[in-house]
Amino acid sequence: MATSTVRSTSAARICTIVGFVCAVLALLLNPILFGVIGLVLGVVGAVLGDKPLGWYAAAANVVAMLLSMLILSAL
């Protein structure tokens, strides 16, 4: 029982970390592709048990998408 909890917690943390990485990539490279992937990974991380950081990753991806699209539209 304990190993199942550890696996789901580490899987949640990995999804959250990759979600934050996607937020940076959404800001720098492709806001639509990396933003949506990071948003999904942040929500999955939050649902799997990494509650505060998963939601922060999802919010960071939304902000990165909007900010990147705003910058691209200004150019």
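Residue numbers start at 1 and run along the sequence shown.
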Chemist: Got a second to check how far T9's OG1 is from L48's CG, nearest 0.5 Å?
Modeler: 9.0 Å

Chemist: Taking only residues at least two apart or on different chains, which pairs with a member in residues 55-74 satisfy salt bridge (Lys or Arg N to Asp or Glu O under 4.0 Å)?
Modeler: none

Chemist: What's the spacing between L27 CG and F34 CZ if we round to 0.5 Å?
Modeler: 12.5 Å

Chemist: Please find the pair of heavy atoms, one from M65 and one from I32, that lie closest to each other, and give the distance.
Modeler: SD-O, 4.4 Å

Chemist: When you group the ILVMFWY residues by side-chain heavy-atom contacts below 4.5 Å and let the links chain together, are V47 and I14 in the same group?
Modeler: no

Chemist: By the rule that ILVMFWY residues connect when side-chain heavy atoms come within less than 4.5 angstrom, directly or transitively, which residues belong alongside L70?
Modeler: none

Chemist: So which pairs with a foot in residues 40-66 pass side-chain hydrogen bond (donor to acceptor under 3.5 Å, both in side chains), sequence neighbours left out?
Modeler: R13-D50, T16-D50

Chemist: Grouping I, L, V, M, F, W and Y whenever their side-chain heavy atoms are under 4.5 Å apart, do L25 and L67 come out in a common cluster?
Modeler: no

Chemist: So, for G35 and A26, which heavy atoms are closest and what is the spacing to 0.1 Å?
Modeler: N-CB, 3.6 Å

Chemist: If you compare all heavy atoms of C15 against all heavy atoms of V44, which two are closest, and at what distance to 0.1 Å?
Modeler: SG-CG1, 4.0 Å

Chemist: What's the shortest heavy-atom distance between G38 and C22, and which atoms?
Modeler: CA-CB, 3.6 Å

Chemist: Quick check on side-chain contact (heavy atoms from CB on, under 4.5 Å): which of I71, L72, L66 does S68 satisfy it with?
Modeler: L72

Chemist: Please report the C-alpha distance between V62 and L39 in whole Å, then the side-chain angles of each, then the deciding distance to 0.1 Å, and finally whether the side-chain contact (heavy atoms from CB on, under 4.5 Å) criterion is met.
Modeler: CA-CA 7 Å; V62 171; L39 178 66; 3.8 Å; yes

